[in-house]
Number of protein chains: 2
Amino acid sequence: MCMAKSIQKELNRENLLNQGVALFIEQGYHGTGLQEILDAVSVPKGSFYNYFGSKEDFGAEVIQHYIDPFIVRLSTHLSKADTDALNAIRRYFDELIVELENNQFKGGCLLGNLMGEIGSTNDVCQQSLQSAIRRYRDLLQSGLAKAQQQGTVRSDKSSEAMADLLINAWQGALLRMQIEKSSAPVKQCCQDLLEDYFKA
Amino acid sequence: MCMAKSIQKELNRENLLNQGVALFIEQGYHGTGLQEILDAVSVPKGSFYNYFGSKEDFGAEVIQHYIDPFIVRLSTHLSKADTDALNAIRRYFDELIVELENNQFKGGCLLGNLMGEIGSTNDVCQQSLQSAIRRYRDLLQSGLAKAQQQGTVRSDKSSEAMADLLINAWQGALLRMQIEKSSAPVKQCCQDLLEDYFKA
DNA sequence: ATTAATAATATGACCGGTCGTTTATTTATT
DNA sequence: AATAAATAAACGACCGGTCATATTATTAAT
């Protein structure tokens, strides 16, 4: 039984994190109660603290759990041999836009939403947000640097500055998308930067 | 006495809105209780609903109350006769950056924070955010159009698209500012767009 | 001008519900 | 039998919102 139990425990943890991602994105950190998360994955309330130290700690883990797949996906696109780096970045964002449309523009990006809601007040989550953003930004920057070497992206601007601008404009566009219930802002964002400003 | 009373009432309303702006910026919508706002301006709990229909309605008014001064300020800069429109926009954002630094990067922009937190879930506030953003965007767009006529900003891109990009990148940079506790992101944002991408 | 009756407003106590967290007890493992 | 893990119940605090009462303003009658 001990084997099956510890597998179940890991499964519960994973379910809690997944549900935390989904609910925090749509309803925010303070707008989502632990009860709601626990109910959704059928874990008793008293058990929560067997998995996580506090809601704060849980939030910090949810943030990392959220960004991981994005890093994997962008990384995968960049390491594909059949296209250049700029095209990989283009395709990555195009994929995201399709998913946002399928989601009917609800929620946007967990990092952006939480940076605004608790970025200034919750130290634990702030640290987690900082590291998540940095990991993501560094990867995007390396992709842009590769594109510079390939000659598809201008080289008179640093890849760091362009990565930051792309991330920031993308985040802002996601916010606009939520209140305008349209993918126009995110599409325009990619168009302006990837098809014009960054072009060599 | 009737005169003094109604003046006091307007004053209370104004104080509540001001305090709402301050607390919603720093702690978010769900992170701020009505009690906290009421205590700060010494208005009894029961009186809140003499001023506003609900927390939702209050939030929607806070949003408009927040953006108004920004519109006035940008408008003032743009109508100054001593400089061109691009310079007016530059100076406007430079002023904002100074204030953000004085605030030690806490809070950022109420519109950005609330779009992420409740933009998808609270219809009343979503409407208010939509109109606030539009008012602000239209003004910025008219400023950029003026700069195009003056020949300081490129004309092969529409002023609408540039206004959106500037607002979105600025919002994203404000989010980054909050977690990195630095004005570097917002400075870089203005530098990249106003001093390079938008240049004629 | 003063008073009495009426309407409007202001407010503190309180509502049911939910928050994140703790703890005493039960259940399972060694 | 001893130890560890899981959990239901309960904790105090706070949430947004309501309501009976108290206070104040307005009107009408004297």
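In this text, all values refer to a predicted model and were calculated from it rather than measured experimentally. Sequence lines set the chain letters: A, B, ... in the order given, protein chains first and strands last, and positions in each chain run from 1.
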Gap between atoms [atom1] and [atom2], on [X] and [N] respectively (whole Å):
X	N	atom1	atom2	result
A/Arg13	D/dA6	CZ	C1'	16 Å
A/Lys9	D/dA5	NZ	P	7 Å
A/Leu38	C/dT18	CG	P	15 Å
A/Phe58	C/dC19	CZ	P	14 Å
B/Asn12	C/dT9	CG	C1'	13 Å
B/Gln8	D/dT24	CD	C1'	14 Å
A/Asp57	C/dT21	CG	P	9 Å
A/Asn50	C/dT26	CG	P	18 Å

So, B/Glu195 and B/Arg90, do they make that salt bridge, N to O below 4.0 Å?
-> yes
Check the side chains of [Y] and [X] for a donor-acceptor pair under 3.5 angstrom, ignoring hydrogens and angles.
X	Y	answer
B/Asn12	B/Gln8	yes
A/Gln188	B/Asn168	no
B/Glu101	B/Ser183	yes

Of B/Phe52, B/Tyr29, B/Tyr51, which meets ring pair (Phe, Tyr, Trp, His ring centres under 6.0 Å) against B/Phe58?
-> B/Phe52
Contact pattern, 5' to 3', of nucleotides 9-17 of chain D - B, S or - by protein heavy atom under 4.0 Å | ------SBB
Residue-phosphate contact under 4.0 Å: B/Ser47 side-chain N/O, C/dA10 OP1/OP2 = no
So A/Asp82 and A/Lys80, salt bridge (Lys or Arg N to Asp or Glu O under 4.0 Å) or not? Walk me through it.
-> CA-CA 6 Å; A/Asp82 63 334; A/Lys80 272 183 185 163; 5.9 Å; no
